[in-house]
Amino acid sequence: QVQLVESGGGSVQVGDSLTLSCAASGLTFSRYDMGWFRQAPGKEREYVASIQWIGGARRYPDSVQGRFTISRDNAQNTLYLRMNSLKPEDSAVYFCAARPYNARGNGYRPGEYTYWGKGTQVTVSS
């Protein structure tokens, strides 16, 4: 049974940093591209970052480029998201997701991912 479990969320102030983790089990982690998405109340799930199965290409939307860093440790089956200079608009539930390394598409859309965690809340106050 595949499980993705996010942790590290919390309530912080504007400009603070957080590091989210996603512990994966039940799959060969190193053969999956991984992504982070977020969803605020009343909004669609939004792409935040992705990283290839061997830790190669990392991609980000403009909204987080230069502030967020995605990384992975294939030996520990863990995905990370380092978030710096947090803003109120970063407040959301953050989800990690997995898709096979040979899946089609660029990994920007939620529908391209096979497995999902249950999310961790991030709240940024001004």
Side-chain angles (χ1 to χ4, degrees):
Q1 180 183 1
V2 175
Q3 283 194 311
L4 301 176
V5 180
E6 302 92 339
S7 61
S11 296
V12 297
Q13 300 294 313
V14 169
D16 284 351
S17 298
L18 274 177
T19 298
L20 305 183
S21 300
C22 171
S25 61
L27 77 171
T28 305
F29 183 70
S30 59
R31 293 178 69 81
Y32 281 79
D33 293 345
M34 299 297 294
W36 285 100
F37 289 78
R38 65 188 181 188
Q39 189 165 19
K43 295 188 177 182
E44 293 186 352
R45 194 161 293 191
E46 176 189 19
Y47 169 74
V48 174
S50 59
I51 186 168
Q52 286 186 325
W53 57 301
I54 53 173
R58 309 178 192 198
R59 298 186 177 93
Y60 310 90
D62 290 344
S63 58
V64 307
Q65 178 73 50
R67 299 189 299 122
F68 289 12
T69 302
I70 188 171
S71 61
R72 65 190 296 162
D73 184 339
N74 284 348
Q76 297 295 323
N77 290 353
T78 304
L79 176 73
Y80 301 97
L81 183 69
R82 174 66 176 179
M83 305 185 295
N84 295 328
S85 303
L86 283 162
K87 306 175 181 180
E89 52 264 43
D90 294 320
S91 297
V93 177
Y94 283 70
F95 300 89
C96 68
R99 67 189 207 125
Y101 75 98
N102 56 357
R104 300 182 67 177
N106 56 21
Y108 297 165
R109 294 177 295 180
E112 296 179 38
Y113 289 80
T114 306
Y115 302 109
W116 289 86
K118 295 184 178 180
T120 185
Q121 177 72 48
V122 172
T123 302
V124 184
S125 301
S126 57

Within the structure provided, determine whether [X] and [Y] are in side-chain contact (heavy-atom separation under 4.5 Å).
X    : Y    : value
L79  : I70  : yes
F29  : R31  : no
Y47  : R109 : no
V14  : L86  : no
N102 : W53  : no
V48  : Y60  : no
V122 : L20  : yes
T69  : L81  : no

Is E6 reaching over with its side chain to a backbone N or O of K118, donor-acceptor style, under 3.5 angstrom? yes
Closer than 3.5 angstrom, by distance alone: can the side chain of Q121 be matched with the main-chain N or O of G9 as a donor-acceptor pair? no
Establish, from distance only, whether the side-chain atoms of T19 and R82 form a donor-acceptor pair under 3.5 Å. yes
State, without any angle test, whether S17 and N84 hold a side-chain donor-acceptor pair at a distance under 3.5 Å. yes
Pairs meeting criterion salt bridge (Lys or Arg N to Asp or Glu O under 4.0 Å) with involvement of residues 40-49, two or more places apart: R38-E46
Distance, nearest 0.5 Å, that separates [atom1] of [X] from [atom2] of [Y]:
X    : Y   : atom1 : atom2 : result
Y80  : C22 : OH    : SG    : 10.5 Å
Y113 : C96 : OH    : SG    : 10.5 Å
Q52  : D33 : CD    : CG    : 6.0 Å
Q1   : L27 : CD    : CG    : 12.0 Å
I54  : S30 : CD1   : OG    : 10.5 Å
N74  : M34 : CG    : CE    : 9.5 Å

V2 to G26 - nearest heavy-atom pair and separation: CG2-O, 3.4 Å
P100 to T114 - nearest heavy-atom pair and separation: CD-OG1, 3.4 Å
Is the gap between the ring centers of W116 and F37 under 6.0 Å? yes
Working for side chain to side chain contact (heavy atoms under 4.5 Å, CB included), residues R58 and S71: CA-CA 8 Å; R58 309 178 192 198; S71 61; 4.0 Å; yes
Looking at Y115, I'd like to know if its OH atom is crowded, meaning that more than 12 non-hydrogen atoms belonging to other residues, nucleotides or ligands lie closer than 6.0 Å. no
Could you tell me which residues satisfy salt bridge (Lys or Arg N to Asp or Glu O under 4.0 Å) with R67, sequence neighbours excluded, listed by chain and number? D90
According to salt bridge (Lys or Arg N to Asp or Glu O under 4.0 Å), who are the partners of R59, at least two apart in sequence or on a separate chain? none
